[in-house]
Structures are given as C-alpha cells and as structure tokens.
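Have a look at the structure below before the remarks.
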Amino acid sequence: MMTPSCRKRFGSFATVLLSTALLSTAASNAAASNAAASNATASNATAAEATATKPVTATYEVYFGGFHVLNAEATLENGGERYRVTAAAETQGFLSWFTSWKGETESVGRVDPDRIVPQWHDNRGTLDDLERIVTLRYDDEGNIIESEAVPEQDWEGRHPLPEDAGKGTLDPLSVIAGIAQLLQNGGACEGRFAVFDGRKRYDLKVADAGTKTLEPNSYSIFDGVARGCQVDYEMLGGHRIERNKYAATARERIIWVARPAADAPLIPVRLQIETGYGTVMGHLTGYSLDGQPPLTD
C-alpha cells in the first residue's frame, strides 16, 4: 500500500509534470510571432502571424513508463499589453489508483516593452481529499504584496526559503509570458528566470536543443520536424531535503515545439523527461484557436 508520504511524493511528481508541460507553452504564440515576423513574405507565416495573438488551447496526455498518468490542458492569451495563462491537469490510470490529484492554475499580467509584470496568480490543487491553495498578488511594479498558502507550509524536512524569496521573481505561469516576450524580441529559446510559486523559490533555465523529426505514433496528432527547448531547475529554497526519487533522477527535460497545421501557431507537440525509473512522454492530442472547437486529427 502506498503510504501518505509516497502519495504526497506522487502528487508532487504530478505537479512537476504539469509545470514542465505548462512551461512548454512559452514557445507557442510568441515563437509563432517571431517566426511570422522574420518570414512575413511567406503565406504560411502571414497566417501564423494572424493567429499569433489569438488564444491557443492545447490538450495533452502524459505517459510514464508506457502508462497513462496525466491529462493536461493549457491556454495562452498573449496579445497587446496583457497576457493570461491558464492550465488544468488530473492524474489518470495507474497513478490515480494510488493517489487522486487534480490542479488548476491561472496567471494574469501586463506586457511592458522590456519586461513582464505579473498582477495575480492563483493555484488550486487537490491531492486525495486535501486541498492546497496558493494566492499571489502584485503591485503595479510587479512586487509581491500578498502571498498566501493554504494550508501553511510544513517546514519539517524542507530547505528554508532565502530572505526576500519573492523579490524580483515571476510566478510559474508568468514565466511563460516572459519567454514569449524574449522570443518576440528576437531571442532564442533560452534564458534564466527567477521564480517564486508561493511555497518554493527556484531559478528556471531554458536552452535550445536543436531540431528533430518526430515520427508518427498512435498517441499524438503530430509528426514532423520540431524544435526542442531544454528545461532545467535550480532549487533555492522551500524544496524537500530528501528529494523525490523521480524528480531527483530527471534529466533531459525537452519540450518539442512545432505547428500542428500550416495555419496554426507553434505549440508544444511533445514532452520528454528521462528519469532513473522510466521515461515521461507527453503527447499533443488536440488544439484550438480563438475558442474554436478542438482539432484532434
């Protein structure tokens, strides 16, 4: 039988999967904008530019060691001077036999010419029957003025937070808008971002992983050439001293980004995380533009 501690670890692992999958949307609309701007004379680029600021919703199924463990959906609206990112996920299959976890999260903020300014972030998750909530509120300069975690963090067995843990940070979803802005300004799929999620402080690093041809399979609606974005974390406080064995052995977190159709923006089409206990694979199962019905094939 899985102990309460193990259930928490599985819930934490599910959260890691969701966070990594969400981060992958950073390269979606923005990369489409960047590609469209640099190829404006091509008809397909013009179509991508036209859709680049429309809300994009993508659905994913995540597998671990060949077993279906998580469903996720993410939406990015990034147009003009505002951004909004939402996501939801829920455990599936054998993982849900051990622990039932589901989460919803949302961030809203302002897009300035040289930076992202978060305004608020909400994260609500349920592990079995225990609800965990994080609320972050910011002033007009993007400084945290309210931070609430329910239940309060249990610090036993965890690294302490650094002083001023939230200073100069973004919430996890606002990082998506931050990378989007980087790409829109002509940057590559790379950067380093200071993150505070209400319980943990970490730096998130993104690096370009080149291109690859993804072969067709029965899990995904996409096959073809995609560009990789490699993701890594440097934990700085709030994390467990004894690390989750899945997260501890995770390596080569790569998100593959491509257009699922000629008139679609770039979106994440595959997620790959190698661990010492098996491979995590996330597959695009559907997408929609501007609130239209999802396209699944």
Side-chain angles (χ1 to χ4, degrees), residues 17-36 39 42-78 85-90 92-93 176 179-180 183 188-189 206-231 252-274 279-297:
L17 293 181
L18 173 60
S19 299
T20 306
L22 288 179
L23 179 60
S24 66
T25 62
S28 61
N29 279 8
S33 296
N34 190 36
N39 300 281
S43 59
N44 64 335
T46 302
E49 186 176 28
T51 60
T53 59
K54 292 181 178 180
V56 178
T57 298
T59 58
Y60 301 89
E61 291 183 356
V62 179
Y63 293 78
F64 179 48
F67 294 96
H68 186 193
V69 296
L70 194 74
N71 283 349
E73 178 179 295
T75 298
L76 172 63
E77 302 175 39
N78 187 15
V85 187
T86 65
E90 185 173 4
Q92 302 290 317
I176 295 173
I179 300 178
L183 292 169
C189 183
V206 184
D208 190 273
T211 60
K212 178 181 179 179
T213 299
L214 303 180
E215 300 297 331
N217 61 52
S218 60
Y219 300 101
S220 176
I221 66 170
F222 176 84
D223 61 86
V225 178
R227 174 165 293 279
C229 295
Q230 186 164 328
V231 180
E252 295 183 342
R253 301 178 181 91
I254 300 179
I255 297 120
W256 298 97
V257 181
R259 302 184 197 280
D263 63 344
L266 293 168
I267 64 173
V269 294
R270 194 165 299 179
L271 160 71
Q272 178 180 345
I273 305 176
E274 300 293 338
T279 301
V280 177
M281 293 295 296
H283 299 279
L284 176 71
T285 57
Y287 75 95
S288 62
L289 301 175
D290 202 21
Q292 298 299 312
L295 302 176
T296 57
D297 54 32

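Note that the coordinates shown come from a computational prediction; the quantities given were computed from them, not determined experimentally.
Taken from CD1 in Ile255 to CZ in Arg270, the straight-line distance is 13.5 Å, to the nearest 0.5 Å. In this structure, CG in Asp208 is found 4.5 Å from CZ in Arg227, a value given to the nearest 0.5 Å. The structure places OG1 of Thr59 at 11.0 Å from OH of Tyr287, a figure rounded to the nearest 0.5 Å. The CE atom of Met281 sits 11.0 Å away from the OH atom of Tyr63 when rounded to the nearest 0.5 Å. Here the straight-line distance linking atom NE2 of His283 with atom OG of Ser218 works out to 8.0 Å at 0.5 Å rounding.
Here the side chains of Val206 and Gln230 are not in contact, with every heavy-atom distance at 4.5 Å or above. Residues Val56 and Leu289 form a side-chain contact, since some pair of their non-hydrogen atoms from C-beta on lies under 4.5 Å apart. Using a 4.5 Å heavy-atom threshold, the side chains of Leu284 and Pro260 count as touching. Contact annotation: the side chain of Asn71 never approaches that of Tyr60 to less than 4.5 Å [non-hydrogen atoms, C-beta and beyond]. Two residues are said to be in side-chain contact when any heavy atoms from C-beta on lie closer than 4.5 Å; Lys212 and Gln272 meet this criterion. Val257 places none of its side-chain heavy atoms less than 4.5 Å from the side chain of Val269.
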Exercise for review: Please lay out, stage by stage, how Thr285 and Glu61 fare under the test side-chain hydrogen bond (donor to acceptor under 3.5 Å, both in side chains).
Suggested key: CA-CA 7 Å; Thr285 57; Glu61 291 183 356; 5.1 Å; no
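Screening Thr279, Leu70, Ile273, Val69 for a side chain to side chain contact (heavy atoms under 4.5 Å, CB included) involving Phe64 leaves a single residue, Val69.
A search for ring-ring contact (aromatic ring centres under 6.0 Å, His included) contacts involving Phe67 returns Phe94, not counting sequence neighbours. Here Asp223 pairs with Pro216 under the side chain to side chain contact (heavy atoms under 4.5 Å, CB included) rule; sequence neighbours left out.
The two residues Phe222 and Ala258 have their closest heavy-atom pair at CZ-CB, 3.4 Å.
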